[in-house]
Colleague: 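Here it is: the structure, laid out below.
Letters A, B, ... are given to chains in the order of the sequence lines, protein chains preceding strands, and every chain is numbered from 1.
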Amino acid sequence: MQVSLTVNDKAVTADIPPRTLLVDFIRDHLNLTGTHVGCDTAQCGACTVHLNGHAIKSCNVLVLQAAGGQVVTIEGVTPADGTLHPMQEAFRQHHGLQCGFCTAGMVMSAIDLAGRHASLDDQTIRAELDGNLCRCTGYHNIVASVKAGAASMHQ
Amino acid sequence: MYEFNYQKASSVADASAKLAASADGRLLAGGQTLIASMKMRLVAPSDLIDLAGVTALTAIESTPGGLKIGAMATHASVAASPLVSKAIPALATLANGIGDRMVRQMGTIGGSVANNDPAADYPAALVALGATVHTDKRQMPADSFFKGMYETALAAGEIVTAITFPVPKRAAYIKFKNPASRYAIVGVFVAQTATGVRVAVTGAGPGVFRVPAMEAALGANFASAALDGIAVSATDLNTDMHASSEYRAHLVGVMAKRAVECALAG
Ligand SMILES: Cc1cc2nc3c(=O)[nH]c(=O)nc-3n(C[C@H](O)[C@H](O)[C@H](O)COP(=O)(O)OP(=O)(O)OC[C@H]3O[C@@H](n4cnc5c(N)ncnc54)[C@H](O)[C@@H]3O)c2cc1C
Ligand code: FES
Ligand code: FES
């Protein structure tokens, strides 16, 4: 079946079996491997991307559900000049990652939540990141990173 | 996931026709339950008929009968709706406590109600508020819509179009959530309505149920102390790795009291 959508500002069209998950389309068809698969059961958030401006779990969505939509992956948040997005920079500054497996999903969720809240306290950040798990459990630094990243996004 | 045909519905009537024409078709709403079940090969529909293009089903509006929420309204949109927060804040809180942010962005009220997971949150709200389920064929009171584990009064091919919630005087929903899935181990929705107090419990048994003894006590005196000494029997309640039936029975009492206090503070 034919599907057309926009991924990181580029129009893509492909012929795919209807059962293709959005995450498999992103990783295997577009070779954008920054989006990870942790659990494949909608629990961990490693596969988080933005669909029409909102964070969703791409392992639990068909690419056909995103047809005609705008998808942004971790590759799409980085400016063209090779610098980092303010949220990525904050994760680096605040040591918000250890092995890095959950990081792309964390950053995508964090950018979404920063966009929805003018100011963020620790409690809100923790509640909103409910759907992102870090097996290295560096949550303190992740919360600090999100707070700093949101502040610099709002500057 | 097994193979299937994917079709997009342009209207409720179109979805109904496509369902009728398919061998073993299913409606696709947010897919947060259905895609997960298909990935585990628990279900293998011949066709998926996607309701996402039927924008008329996403409306949230104030009507003479109460707050009317379209079947395709997402949990995130219910949580963020100023209309919902003003008329029935307990419903906005409930929607905001379903799963996590990403699940709420895709999951819908219609999918949740049609699925009737014994640990889902919305069934408690529908029953406690005395809601009406609208389908493409008829209207049903919530009390007769939910039929036990994953079962509803929906006939084959029948489509939920909206839910109408009468506006209560006071209401609150408190859940003791499973820390991994956030589904309700026990959730209690208490509502003081025009026709009396209603207490609905989810997560504890094979399906949502009311507690008449609590309703009578709260009808006489809407205070958490009125629930002192009212025990819920553990016979028929669920036991699993998360909680025994005795613990769930105990939690029903604790959550009910907290819900009453929250409704009064409200
Ligand atoms: C990680 C995770 C955590 C979750 N946590 C919770 C939680 O804490 N509390 C909770 O209540 N739920 C929870 N859920 C479930 C979530 O709320 C689902 O969104 C919901 O149960 C189903 O809605 P959906 O729109 O995704 O429906 P779908 O998955 O698309 O459909 C579910 C079923 O309903 C049928 N259906 C859909 N729409 C209609 C309609 N309009 N008419 C008739 N039939 C229809 C479909 O054919 C299918 O059989 C969780 C899900 C996940 C993945
Ligand atoms: S891989 Fe999608 S939520 Fe874990
Ligand atoms: S940094 Fe290792 S899983 Fe989060």
Colleague: Side chain, backbone, both or neither: which part of B:Ala36 has a non-hydrogen atom closer than 4.5 Å to chain A?
Modeller: both

Colleague: Decide yes or no on side chain to side chain contact (heavy atoms under 4.5 Å, CB included) for A:Leu62 and B:Leu28, but give the supporting numbers first.
Modeller: CA-CA 11 Å; A:Leu62 302 171; B:Leu28 175 65; 4.2 Å; yes

Colleague: Test A:Val61 against B:Gln32 for side chain to side chain contact (heavy atoms under 4.5 Å, CB included), laying out the working first.
Modeller: CA-CA 8 Å; A:Val61 171; B:Gln32 295 305 287; 4.1 Å; yes

Colleague: To the nearest 0.5 Å, how far apart are CE in A:Met1 and CG in B:Asn5?
Modeller: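 Interatomic distance, A:Met1 CE to B:Asn5 CG, rounded to 0.5 Å: 8.5 Å.
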
Colleague: For B:Leu34, is it the side chain, the backbone, both or neither that has a heavy atom under 4.5 Å from a heavy atom of chain A?
Modeller: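 Neither the backbone nor the side chain of B:Leu34 comes within 4.5 Å of chain A.
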
Colleague: Examine whether an atom of A:Asp40 lies under 4.5 Å from a heavy atom of chain B, and if so say whether it belongs to the side chain, the backbone or both; otherwise answer neither.
Modeller: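 Its backbone and side chain both get close to chain B.
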
Colleague: Using a 4.5 Å cut-off on heavy atoms from C-beta on, say whether the side chain of B:Leu48 contacts that of A:Leu64.
Modeller: no

Colleague: Between A:Ala55, A:Ser109, A:Ala127, which shows the greatest number of heavy-atom pairs under 4.5 Å with chain B?
Modeller: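 Result: the option with the highest number of such pairs is A:Ala55.
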
Colleague: As an exercise: rank A:Ile56, A:Asp112, A:Asn132 by heavy-atom pairs under 4.5 Å with chain B and give me the winner.
Modeller: A:Ile56

Colleague: Donor-acceptor pair, distance only, cut-off 3.5 Å: does the side chain of B:Arg101 make one with the backbone of A:Glu128?
Modeller: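 Not a single qualifying donor-acceptor pair exists.
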
Colleague: Between B:Met106, B:Arg104, B:Lys39, which has the largest tally of heavy atom pairs under 4.5 Å with chain A?
Modeller: B:Lys39

Colleague: Would you give the length of the straight line joining atom CE of B:Met38 to atom CG of A:Asn60, rounded to the nearest 0.5 angstrom?
Modeller: 11.0 Å

Colleague: Please report the C-alpha distance between A:Val3 and B:Tyr6 in whole Å, then the side-chain angles of each, then the deciding distance to 0.1 Å, and finally whether the side chain to side chain contact (heavy atoms under 4.5 Å, CB included) criterion is met.
Modeller: CA-CA 11 Å; A:Val3 64; B:Tyr6 174 91; over 6 Å; no

Colleague: So which of A:Leu21, A:Leu51, A:Leu133 has the biggest tally of heavy-atom pairs under 4.5 Å with chain B?
Modeller: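 Max contact count across the listed options: A:Leu21.
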
Colleague: Out of A:Pro17, A:Gly45, A:Cys59, A:Ala42, return the one with the most heavy atom pairs under 4.5 angstrom to chain B.
Modeller: A:Cys59

Colleague: Taking the side chain as C-beta and beyond, is there a heavy-atom pair between A:Gln65 and B:Ile35 under 4.5 Å?
Modeller: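 Yes, their side chains come closer than 4.5 Å.
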
Colleague: Any chance you could measure A:Cys47, atom SG, to B:Met102, atom CE, to the nearest 0.5 Å?
Modeller: 7.5 Å

Colleague: Between A:Asp130 and B:Arg182, is there a salt bridge with N-O shorter than 4.0 Å?
Modeller: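 Here B:Arg182 pairs with A:Asp130 in a salt bridge, since their nearest N and O are under 4.0 Å apart.
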
